[in-house]
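First the proteins, then the strands, lettered A, B, ... as listed; each starts at 1. Excluded from the calculations below are hydrogen atoms, water molecules and symmetry mates; all remaining heavy atoms, backbone and side chain alike, are included.
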Amino acid sequence: MATEFCSDNLGRDARLYRNTGTVTVPVWTEVKEARDISLNMAADKVDQSDRSTRFKLYDAGGIDVSISATLTYRSGNANCEAIRDLLLNNCAEQMLLISGPVATAGSEGLKAGFKVFSNNLQYPLADGMTVEIELAPSYYESPAAPGVQIAPEWFTAT
Amino acid sequence: MAFYRKSTETRISEALLALLQAGAFEVPVTFSRGPLPVLKKELLSSAVAVVVPSSQLSGPIDRARDEKRITIGVAVAKSIGLSATTGRDREVEDLSALVEQIADYVADRDRAILTLPAVSDGVGVIMPAHNARLVPPVVLDPLFSVQLLREESIFFAVPLFTYHFETLRD
């Protein structure tokens, strides 16, 4: 139908991936245990006011990025264990939070080497176990090509 | 053409009925399963409890699994004798204790997971065996129907049990 409109931006369509391959040949493994996910991006607000105008002027400093998510926790689950181990071992892993399947052209999101800064396990009396995680970009190099930084980037699938 | 598939609430009702029939209760009670509770006085000379599906909520748990939360009621009914007031009150108290005993029995931690047997069409399994887990709280509100007691001399109470049923999305 010519006038039919189908929304394609449901939160449920977004995906959090871990790269379980290499930087040059990525294998994007979806973290299907994820429930609600949010990507937080905010730039520092640098005051640049002067006498040129009564209005305060600002510039953007560094961009603070974090991903927070709640995962269904299951003992022995590969994704839950890998994310927990990143925290315990102070290691970074390449991850991608994207608005749709990575194989679908036009899906977009943030790709970076992330470290894990929170891995809070919840054991409610009347519900299943969950783990709340917080990720933030960290200095990241490909293990196969050391010495070359891979910076965070806004990624669009092609 | 025969139809073998069963709804999730039917499977849970069947398993809950089997659990109740395996229990022992101080007030004699007959358990059955159906779409409606029994409210005809001539059928309520002794306590009757009918497992009745009540509601279903479904939605995603995460990006791989869906869940259904299915609420099943156990409708307990009995006609109350029109004897002296003291006797009638005592019978209501005994039936209230029965309802509470049923609720405690089902909600016991060791019985919180119901095993739903596989469903077969006579040739093979069309619905595999599955588990359903009881989710607190057990709801008994009101404690019994004041209207039915006053107008029909029928004790009627329905504790509600909610079960969590999880499936992997394709």
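Among the residues in residues 66-76 of chain A, those with a non-hydrogen atom closer than 4.5 angstrom to a non-hydrogen atom of chain B are T72(A), R74(A).
By the 4.0 Å N-to-carboxylate-O rule, K32(A) lies too far from D66(B) to be salt-bridged with it.
V76(B) and V52(B) are members of different hydrophobic clusters when ILVMFWY side chains are connected at heavy-atom separations under 4.5 Å. F25(B) and F161(B) fall within the same hydrophobic cluster, where Ile, Leu, Val, Met, Phe, Trp and Tyr residues are linked whenever their side-chain heavy atoms come under 4.5 Å apart, directly or through other members. Under the 4.5 Å side-chain heavy-atom criterion for grouping Ile, Leu, Val, Met, Phe, Trp and Tyr, L114(B) is connected to F31(B) within one hydrophobic cluster. Linking Ile, Leu, Val, Met, Phe, Trp and Tyr residues whenever their side-chain heavy atoms come within less than 4.5 Å places L86(A) and V65(A) in a single cluster. In the hydrophobic clustering of this structure, L97(A) groups with I83(A); members are Ile, Leu, Val, Met, Phe, Trp, Tyr whose side-chain heavy atoms approach within less than 4.5 Å, directly or through other members.
More than 12 heavy atoms of other shown residues, nucleotides or ligands fall within 6.0 angstrom of atom CG in L43(B). For CD of Q149(A), the number of neighbouring non-hydrogen atoms (other residues, nucleotides, ligands) closer than 6.0 Å is greater than 12. Atom CZ of F55(A) is surrounded by 12 or fewer heavy atoms from other residues, nucleotides or ligands within 6.0 Å. Within 6.0 Å of atom CD in Q147(B), 12 or fewer heavy atoms from other residues, nucleotides or ligands are found, so the atom counts as exposed in its surroundings.
Interface residue E166(B): only side-chain heavy atoms are found under 4.5 Å from chain A. There is no contact between L16(A) and chain B, counting heavy-atom distances below 4.5 Å.
A donor-acceptor pair under 3.5 Å links the side-chain atoms of R63(B) to the main chain of R35(A), judged by distance alone.
In this structure, the separation between CG on D36(A) and CG on D62(B) is 10.5 Å, given to the nearest 0.5 Å.
Closest heavy-atom contact between G128(A) and R133(B): N-NH2, 4.5 Å.
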